[in-house]
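Notes for the one structure printed next.
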2 protein chains.
Amino acid sequence: MSADVAARRGIPDASVARLPGYLQALTNLAERGISSVSSEELAAAAGVSSAKLRKDLSHLGSYGVRGVGYEVDRLAYEISTALGLTQDWPVAIVGMGNLGRALAAYSGFATRGFNVVALLDHDDSLVGTSVGKRRVRPMADLDALVREDRLAIGVIATPADSAQDVADRLVAAGVRSILNFAPCVLDVPVDVMVRKVDMSTELQILAFHEQRRTGELDLAEQSVVGEVAL
Amino acid sequence: MSADVAARRGIPDASVARLPGYLQALTNLAERGISSVSSEELAAAAGVSSAKLRKDLSHLGSYGVRGVGYEVDRLAYEISTALGLTQDWPVAIVGMGNLGRALAAYSGFATRGFNVVALLDHDDSLVGTSVGKRRVRPMADLDALVREDRLAIGVIATPADSAQDVADRLVAAGVRSILNFAPCVLDVPVDVMVRKVDMSTELQILAFHEQRRTGELDLAEQSVVGEVAL
DNA sequence: ATCTGTGAAGTCCTTCACAGCC
DNA sequence: GGCTGTGAAGGACTTCACAGAT
């Protein structure tokens with residue numbers, strides 16, 4: 001039983017963050033008709049080390065066979081279960097600007113355990129218009145969505161100015177998981193989980209490494225110059 | 001001098017990843033006319049602990065005043081310098097589907113040190129069409145972009161099937177920093193840096209925590225039922 | 001008196017390396 | 001022989017708590 005508790009409660013955050021990658025790699029393997037895989041192969045497909053992969057999987061239980069490897073379908077099922085993807089999670093996207101419309105059109109949701117039940121916008125002139133096959137609904141529908149559609153996850157795709165207001169409304173309606181695409185920090189109660197996606201941040205991290213690389217080349221050139229001067 | 005080396009080389013990855021958030025918070029403060037800030041206040045604005053903030057900033061140098069705090073403009077400048085944002089980095093976006101077009105329209109690039117110099121697509125029927133004020137260019141333009149525009153960063157916004165091919169072309173043209181929005185692992189040389197943004201992964205992480213929460217409620221209900229039964 | 005900058009301690013995560021099992 | 005699962009070692013990051021500066 002203590003092992004069970006460990007398997008259910010004790011998965012480190014860093015491991016959880018990698019499980020979707022393993023699941024995706026397993027799905028690819030399954031599509032290519034491969035039914036068995038070693039930790040070395042799966043790790044390569046997911047872009048991690050095999051030791052890390054095995055340690056991560058050990059937190060879920062013992063689903064491999066020593067001397068053989070893992071059965072692809074079985075492992076995919078176990079990871080799906082651990083992530084809670086055996087059920088479909090209802091998702092609402094708030095903010096129908098360029099990004100919101102791109103997200104609404106993204107086909108990856110349905111295939112990965114999510115169901116976009118509503119597109120919302122604060123702007124009355126957008127409400128009622130169509131995005132793909134869906135109609136844009138007003139923010140006032142949030143309460144009903146949580147009650148009737150068991151809406152659990154909200155995606156914020158608004159500009160930064162509106163994001164906190166949208167978050168407040170989501171929380172008030174009972175949503176406790178938020179994916180935030182707006183470039184700002186959200187203030188929410190402790191029991192609400194927020195994850196942030198920010199492409200400017202990612203580009204700035206890349207810029208840091210680019211600059212460091214360039215700086216090193218400059219230093220190398222300088223030292224060559226120095227040697228010539230001597 | 002050894003302090004200089006530490007400041008240039010030794011910034012931990014975890015710190016670098018938070019610097020953009022500090023920069024954003026500082027920009028907000030500056031816009032609101034605030035010229036001085038304590039580590040406690042800035043940390044709250046950026047959503048981290050003050051100890052973490054101070055430790056992060058200590059890797060850049062000593063730009064605060066004990067007993068007083070940090071000057072907003074000065075600190076923003078120092079962080080910009082550390083991140084390499086005193087110059088504008090030329091960026092190309094590859095893949096003009098829904099996501100690529102949303103990225104092309106995103107105004108946050110220009111204001112944060114980046115310059116979108118080209119929109120590219122592999123599909124000949126898209127090449128030549130306009131996205132915003134820009135014309136979509138063919139992949140064959142990549143070499144010229146790297147040579148003439150000093151293109152340094154490539155953004156991949158294609159479907160997963162094409163992403164590896166696009167990455168190969170970017171690398172062949174000399175791009176060594178890639179931001180990948182496609183849900184797949186890219187195989188690149190070790191000196192090429194890839195960062196990945198994947199909304200499905202983020203949603204799955206949220207689902208894990210939602211499920212864990214629900215699971216706990218179920219257990220709580222069970223134990224209540226148990227007590228009632230006893 | 002106040003707030004920064006930082007060694008030291010503590011926590012979390014990764015890697016190693018091998019026992020255990022097929 | 002080959003591969004998984006895992007304690008133990010190692011490394012990275014965070015938090016503590018206080019010396020040092022104004």
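Given the structure is predicted, the values throughout are model-derived calculations rather than measurements. By convention in this document, chain letters (A, B, ...) are assigned in the order of the sequence lines, proteins followed by strands, and residues within each chain are numbered from 1.
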So do A:Leu19 and A:Leu60 actually touch side chain to side chain, heavy atoms under 4.5 Å? yes
Given that B:Gly69 and A:Gly67 both sit by DNA chain C, which one's nearest nucleotide is further toward the 5' end? B:Gly69
How many whole angstroms separate atom CG of A:Leu57 from atom P of D:dT6? 11 Å
In whole angstroms, how far is the P atom of D:dT4 from the CG atom of A:Leu75? 11 Å
Taking salt bridge (Lys or Arg N to Asp or Glu O under 4.0 Å) as the definition, give me every residue that meets it alongside B:Lys55, ordered by chain and number, with sequence neighbours left out. none
From NE2 of B:His59 over to C1' of D:dA12, roughly how many Å is that when rounded to an integer? 11 Å
Measure CG/A:Asp56 against C1'/D:dG5 and give the value in whole Å, please. 13 Å
What is the separation between atom CD on A:Glu71 and atom C1' on D:dC3, rounded to the nearest whole Å? 16 Å
Nucleotide nearest A:Arg66 when distance is taken to its side chain, options C:dT4, C:dT6, D:dC3: D:dC3
Does B:Tyr70 place a side-chain N or O at less than 4.0 Å from the phosphate oxygens OP1/OP2 of C:dG5? yes
Tell me which residues in residues 22-54 of chain A put a heavy atom below 4.0 Å from DNA chain C, sorted by number, or none. A:Ser49, A:Lys52, A:Arg54
Rounding to a whole Å, what distance do you find between B:Tyr63:OH and D:dA21:C1'? 18 Å
If you measure only the distance, is there a donor-acceptor pair under 3.5 Å linking the side chains of A:Tyr106 and B:Asn98? no
Sequence neighbours excluded and cut-off under 3.5 Å, please list the side-chain donor-acceptor pairs for residues 66-76 of chain A, or say none.
| from | atom 1 | to | atom 2 | distance (Å) |
| --- | --- | --- | --- | --- |
| A:Arg74 | NE | A:Glu78 | OE2 | 2.9 |
| A:Arg74 | NH2 | A:Glu78 | OE2 | 3.0 |

For the pair made of NZ in B:Lys55 and C1' in D:dC13, what is the distance, rounded to whole Å? 10 Å
Would you check if A:Gln24 and B:Pro183 make a side-chain contact, meaning some heavy-atom pair closer than 4.5 Å? yes
Does A:Ile156 reach the side chain of A:Leu170, with side-chain heavy atoms less than 4.5 Å apart? yes
